[in-house]
Amino acid sequence: MYRSKSILILLISLNIIFIKCIIAFDACEKSDRGETGCEEQHSRNFYGEEVNVIYADVLVFTVATNETHGYNRYIDSVRTFGIEPKILGFGQKWKGGDMLYPGGGWKINLLKNALKPFEGSEEKIVVFTDSYDVIFLGQLSEIIRRFKDTGARVLFGAEPFCWPNVELAPQYPEVTKGQRFLNSGAYIGYLKEINNILNRAEIKDTEDDQLFFTKAYLDKDFRESNKIQLDHLSEIIHNLHGASDILEIKTVEHKEGPETYYLKNRETGTEPLIVHGNGRSKVTLNYLSNYLPNGVWNSIDGCVSCKKGQLDLEKIKRDEWPTVLLALFVEMNTPFLEGFFKKIHQLEYPKNRIHLFVHNAMKYHTNQVNRFIEAHGAEYLSVKQIKPEDGTTEWAARDLSLDQCLAKNCEIYFAVDSIAHLDNQFTLKLLIEQNRTVIAPMLVRPGKAWSNFWGSLTKDGFYARSNDYMDIVHNDKRGLWNVPYINSAYVINSTLLKTYDRSQLSYNKPTVDADMAICQTLRDLDVFMYVSNRVDFGHLINADSYDITRTEPDMYQIFENEQDWEEAYIHPDYPEELNPQHKNEQPCPDVYRFPIVTRKFAQSLINMMESFGKWSSGKNEDERLEGGYEAVPTRDIHMNQVGWERHWLYFLQKYVRPLQEHVFTGYYHDPPRSLMNFVVRYRPDEQPSLRPHHDSSTYTINIALNEAGKDYSGGGCRFIRYNCSVTDSKVGWMLMHPGRLTHYHEGLLVTNGTRYIMISFVDP
Ligand SMILES: *[C@@H]1O[C@H](CO)[C@@H](O)[C@H](O)[C@H]1NC(C)=O
Ligand SMILES: *[C@@H]1O[C@H](CO)[C@@H](O)[C@H](O)[C@H]1NC(C)=O
Ligand SMILES: *[C@@H]1O[C@H](CO)[C@@H](O)[C@H](O)[C@H]1NC(C)=O
Ligand SMILES: *[C@@H]1O[C@H](CO)[C@@H](O)[C@H](O)[C@H]1NC(C)=O
Ligand SMILES: *[C@@H]1O[C@H](CO)[C@@H](O)[C@H](O)[C@H]1NC(C)=O
């Protein structure tokens, strides 16, 4: 009876402490977005600096020498909760050993010093965390409440590895649940006991702090007298290394307003409030920080955090926009390179602010690259080209382009590889306005999951898929994403290039691809890489099966790069032909004429045939046919002779069939069948005309590949029943007419030059 009463009293008094503490912290904490409603409650922190949060009983510390991206993220996260930490070591040279990340005894010595002014305030609570790889996910009041709940006087985070000295593992108390070993990246404790630990032994700046704390913890008497515990279950602190896959981001939907996010430990059911991306887990931390702390992203507002710190170039005169080094890389034979250059040229950015750098490693593309530079080079501030015959490697060329950026005093470095098609002409402007050190526009192979970023990494630094990868690639989630790897097109703020020389920041690492090398370096330097799909920027070309031994290899890319194939080869007026309001041209009864392919297509097809060169004899005997006999022979080459039949049949199905269904309504045959697909050549000295005949087809198509009156004289097609001729053939336009029975026709005499037409007998 007596006992339980005392517990009750204790509970009541604890309660009072909680309430007091909650009042102390909640009174003035900022909202999720960092706005504060308590300006009038500004107060001085324990260093006499003015802060807008009262936390007199809690001292929050971190260590950072430099303002890295991780540091800024830490600061953003704590400020979200109205916490103003004291930063130790800022602006000083790192003294804790030869690693960028805090990990040394220096941290302990800094904290020891920082706590000196508080002698006598032994019941103050100290919250210490690293900064570069830590984010806060909750209110300080809640952190303190949970800390007090543990009954510990000092609480360290726990992790699954005994580090740095594995041999100490057996000395650790066993645990049945959660993580067993101490991690010193985050801890909380009363000033008195924290001081006891810090002063337990001397430590040199370069000695290992985790070992120092481990020894204190493993000293059983010391541990018990100071009530030191580890946060085995991640009630407050979660160390990610080796324990990231037990974490998940939970979503809470709300009746009104956007959903909210929090972190949950699936194994222990806890919801940690301080996350430490120790060791190799920085990539995971970066992933988490795309959603956490709650408020940085949601499905309604998209990325809230990416709207911070943007530039507005519209406010600046175009002549004063940042100078750019635009570095183009043709490192492989690439389909649709003309389209690539066209989009580069169309970028909505003043060319008198752009220095051009081109590395072409491919002999095959020499003419295309030269044509672009000859046509447009002079519009840019300067042009530098490295040619295939210079023998420069990709690694060296990319490094040279960085140097060139510095030599030209550029503000922005913009690398674009030949497979990156920037369909959005505002790409460069938007990326610069986003104001991130390294940022890529998301580019995806149309209809595929192949993109220019990785959501995650394997242990060896190769591709791994993050949980949200498909959502991002499909634009189900739009935003600005911190990712471990980008390629193909990206902007780098030249401030970064000025900070590191080529021995520190380079594409040139033996054994790995240039892009992997630079991304690994950036990760090691704590430089965040972002990929943006806030809007559509463009797409990636698939160069995997590009066969430059073909004549006109782009023509063969209808399957691999359909979108680009269409852009290059389908007549821009084609879609209008399917518009019900549009009147299709009908030069003779039931003979329709449509624009269907571009001049480029027509010329390419002629080139394919002429380079193959084996025109048929024009005799009745034809070994290419099953029966070996052709009643109305022409001088021609069949599509299958140039390996292009599959492609042609797909073209028939995708582009020709809809036109047929549009004008000859009620006839459906999908896919259309066609055994005879060929290009015919008429010329005076060979075969100048074709006698009247019926086609053995349901309908026939006839595409003019060159120009009447220019490339040849005479020619055309006469439909005898109607005494109607089409002689003004237009390049890329297609005649379509019924085959057998009605449209008995002849090929009119070509009197000079050469006429080429493409014929298919559809559904014979
Ligand atoms: C970090 O800051 C120090 C002092 O401000 C500076 O000397 C050093 O170059 C910085 N290092 C990096 C990696 O930015
Ligand atoms: C651009 O980013 C830098 C670095 O984060 C920041 O200092 C600057 O304020 C930003 N610019 C604007 C206009 O927000
Ligand atoms: C580049 O970064 C620096 C430092 O963060 C920033 O001040 C500057 O505005 C950035 N420049 C551009 C063009 O984004
Ligand atoms: C066919 O048309 C041409 C010119 O359009 C005309 O000169 C000729 O007389 C016509 N022939 C017949 C048989 O109607
Ligand atoms: C035939 O075509 C060639 C080349 O297009 C041209 O030079 C020549 O004058 C033409 N001859 C006649 C008779 O039209």
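In listed order, ligands and their atoms are each counted from 1.
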Legend entry - Pairs where residues 701-755 contributes a residue and the test disulfide bond (SG atoms under 2.5 Å apart) is met, not counting sequence neighbours: Cys588-Cys724

Legend entry - Salt-bridge contact Glu320-Lys315 (side-chain N to carboxylate O under 4.0 Å): no

Inset, instruction - Answer yes or no: is there an ion pair linking Asp536 with Arg478, defined by an N-O contact shorter than 4.0 Å? - result: yes

Legend entry - Atom-level proximity to ligand 2, residues with heavy atom under 4.0 Å: Gly309, Gln310, Leu311, Asn435

Inset, instruction - Give a yes or no on whether a salt bridge exists between Lys282 and Asp526, defined as a side-chain N under 4.0 angstrom from a carboxylate O. - result: no

Legend entry - Parallel, tilted or perpendicular, as decided by the 30° and 60° cut-offs, for the rings of His376 and Phe372: tilted

Legend entry - Neighbour count >12 (heavy atoms, 6.0 Å) for atom NZ, Lys498: yes

